[in-house]
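Right, one structure below, let's go through it.
Because the structure is predicted, anything quoted here is derived from the model rather than measured. Convention: sequence-line order gives letters A, B, ...; per-chain numbering from 1.
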Protein chains: 2
Amino acid sequence: MLADAKRDRVGERRSATRREILDAAWAIARDSGLAQVTLRDVAERVGMRAPSLYRHFESKNAMYDAMFADSWIACLEVMTEVSRTPPTSARATIKLYARTFFDFAVADLARHQLMNQRTIVGFEPSAESYAVAVATLDTVRAGLAACGVTEPEDVDLFVALAGGLIDAQLANDPGGDRWSRLLDRTYDMFADNIGLPTP
Amino acid sequence: MLADAKRDRVGERRSATRREILDAAWAIARDSGLAQVTLRDVAERVGMRAPSLYRHFESKNAMYDAMFADSWIACLEVMTEVSRTPPTSARATIKLYARTFFDFAVADLARHQLMNQRTIVGFEPSAESYAVAVATLDTVRAGLAACGVTEPEDVDLFVALAGGLIDAQLANDPGGDRWSRLLDRTYDMFADNIGLPTP
DNA sequence: GTCTATACACCGATAGAC
DNA sequence: GTCTATCGGTGTATAGAC
């Protein structure tokens with residue numbers, strides 16, 4: 001009873017501190033680069049010493065793992081939102097999924113590197129965090145299936161196309177729209193290829 | 001005369017040592033990862049101490065830069081070879097360029113990371129090394145132009161498609177062919193989109 | 001002229017006092 | 001739960017041996 005209430009408050013406090021640490025890490029990642037995040041800098045930002053962080057995260061990679069989960073939870077949210085919009089045409093729906101994922105990835109380089117690239121050398125997401133990424137892909141897969149895109153190879157191609165445009169955009173024209181402008185065309189091309197009706 | 005001959009031998013010796021160091025670095029990169037290359041390990045492999053490497057390379061990044069140049073020189077060679085093969089059809093030529101670049105990239109993960117990704121954090125290629133990369137792209141551009149693909153946007157799309165397939169292949173099915181199998185289809189799709197005649 | 005020995009500043013991580 | 005102190009490792013710089 002009293003013990004329960006107390007334990008709950010303690011849990012909230014711990015959780016809030018974790019959140020504060022992660023926010024500090026994100027802030028550093030966003031304006032100095034994902035790999036430039038050091039435990040000493042994160043600690044300083046939250047008014048601690050570096051070793052104290054180990055009371056809240058088992059290791060630096062555990063911190064990256066929580067950030068990885070953060071990212072995919074946000075992505076899952078966005079893609080789930082898309083899956084709820086009433087479809088007009090299969091072609092338009094496919095483009096909407098692609099555009100949403102593209103914009104999400106391009107909006108935050110550090111996040112994209114953590115989610116989709118192997119920028120951090122020793123880092124492997126935990127099974128738990130990876131499951132969120134899988135759930136997101138499943139949501140997309142379900143949305144595509146509703147458009148009649150069910151072949152695994154078609155889904156693989158859908159994914160590769162988005163990845164190629166995203167990487168080209170971030171690598172060669174960050175902040176611009178040189179490849180963003182090609183997205184609709186690319187997925188019209190894809191829709192033509194799989195035999196979707198033209199509008 | 002004698003001085004010249006001697007200076008030449010010294011130059012050759014220096015150049016050979018450089019080559020030996022780079023080969024050692026490549027060996028480590030290939031079987032332990034690009035970022036796992038440490039100066040101490042490279043030095044040990046060539047029978048030196050780490051600081052001695054600074055007599056041959058200005059910094060570790062200078063070593064990476066030489067490896068970056070290595071990679072693009074090899075790629076330029078391969079793509080130049082392709083540009084010399086007599087064309088059959090525009091469609092076949094486009095696919096040949098794409099396939100050659102894809103296979104080159106997928107054959108060596110460490111090399112691909114150095115050439116096309118930002119795996120090494122502080123590393124920026126020198127203008128001299130970058131010029132080789134540009135020359136390679138120009139060779140591809142010229143080859144595509146000979147097929148009637150001249151629009152910059154078409155070239156951008158060509159590049160993004162290859163990048164997407166390569167990254168998906170390396171990230172999600174290394175050593176396999178899940179996305180490799182989609183390459184011909186992808187560039188047929190591309191050829192259709194830009195209005196190339198069907199065979 | 002080349003290379004070695006030594007040192008520095010920084011990193012992630014751990015041990016133990018309070 | 002946070003601290004200080006410290007460890008082994010990294011890239012890098014430089015003085016000095018040969």
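A salt bridge does not link B:R185 with B:D188: none of the charged nitrogens is closer than 4.0 Å to a carboxylate oxygen. A salt bridge is defined here as a Lys NZ or Arg NE, NH1 or NH2 lying under 4.0 Å from an Asp or Glu carboxylate O, and A:D103 with A:R99 meets this definition. Here B:E153 does not pair with A:R178 in a salt bridge; the nearest charged N to carboxylate O distance is not below 4.0 Å.
Taking atom CD1 on A:I28 and atom P on C:dC11, their separation rounds to 11 Å, with Å as the unit. A:F57 has its CZ atom 16 Å from the C1' atom of C:dG12, to the nearest Å. Whole-Å rounding puts the A:R13 CZ to D:dG1 P distance at 10 Å. One can place CG of B:N61 at 12 Å from C1' of D:dT12, the figure rounded to the nearest angstrom. Atom CZ in A:F123 sits about 15 Å away from atom P in C:dG12, given to the nearest Å. Following rounding to the nearest Å, A:H56 (NE2) and D:dT2 (C1') show an atom-to-atom distance of 9 Å.
Set against D:dG11, C:dG12, C:dT4, the side chain of A:K60 has C:dG12 as its closest nucleotide.
Among residues two or more places apart in sequence or in another chain, the side chain to side chain donor-acceptor pair (under 3.5 Å) test is passed with B:T139 by none. Under the salt bridge (Lys or Arg N to Asp or Glu O under 4.0 Å) criterion, A:D23 pairs with A:R19, sequence neighbours left out.
Listed by residue number, the members of residues 15-23 of chain B with any heavy atom below 4.0 angstrom from DNA chain C form an empty set. Across residues 36-50 of chain A, A:V37, A:T38, A:L39, A:R40 each have a non-hydrogen atom less than 4.0 Å from an atom of DNA chain C (numbered order).
Note: A:F190 and A:Y187 have perpendicular aromatic rings, judged against thresholds of 30 and 60 degrees for the angle between ring planes.
Under the ring-ring contact (aromatic ring centres under 6.0 Å, His included) criterion, no residue pair touches residues 84-106 of chain B, with sequence neighbours excluded.
Residues A:V37 and B:V121 fall into different hydrophobic clusters, defined by Ile, Leu, Val, Met, Phe, Trp and Tyr side chains chained together at heavy-atom separations under 4.5 Å.
In this structure, the side chains of A:M48 and A:H56 come closer than 4.5 Å at one or more pairs of heavy atoms. At a threshold of 4.5 Å between non-hydrogen side-chain atoms, the residues B:P197 and B:R91 do not count as touching.
Looking at heavy-atom distances under 4.0 Å, A:R14 makes contact with sugar-phosphate atoms alone, never a base.
Note that the CG atom of B:L182 and the CE atom of B:M189 stand 9.5 Å from one another [nearest 0.5 Å].
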Interface polar pairs with nucleotides 13-18 of chain D, N/O, under 3.5 angstrom:
none

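In this structure, A:S52 reaches the D:dC3 phosphate: one of its side-chain N or O atoms is under 4.0 Å from OP1 or OP2.
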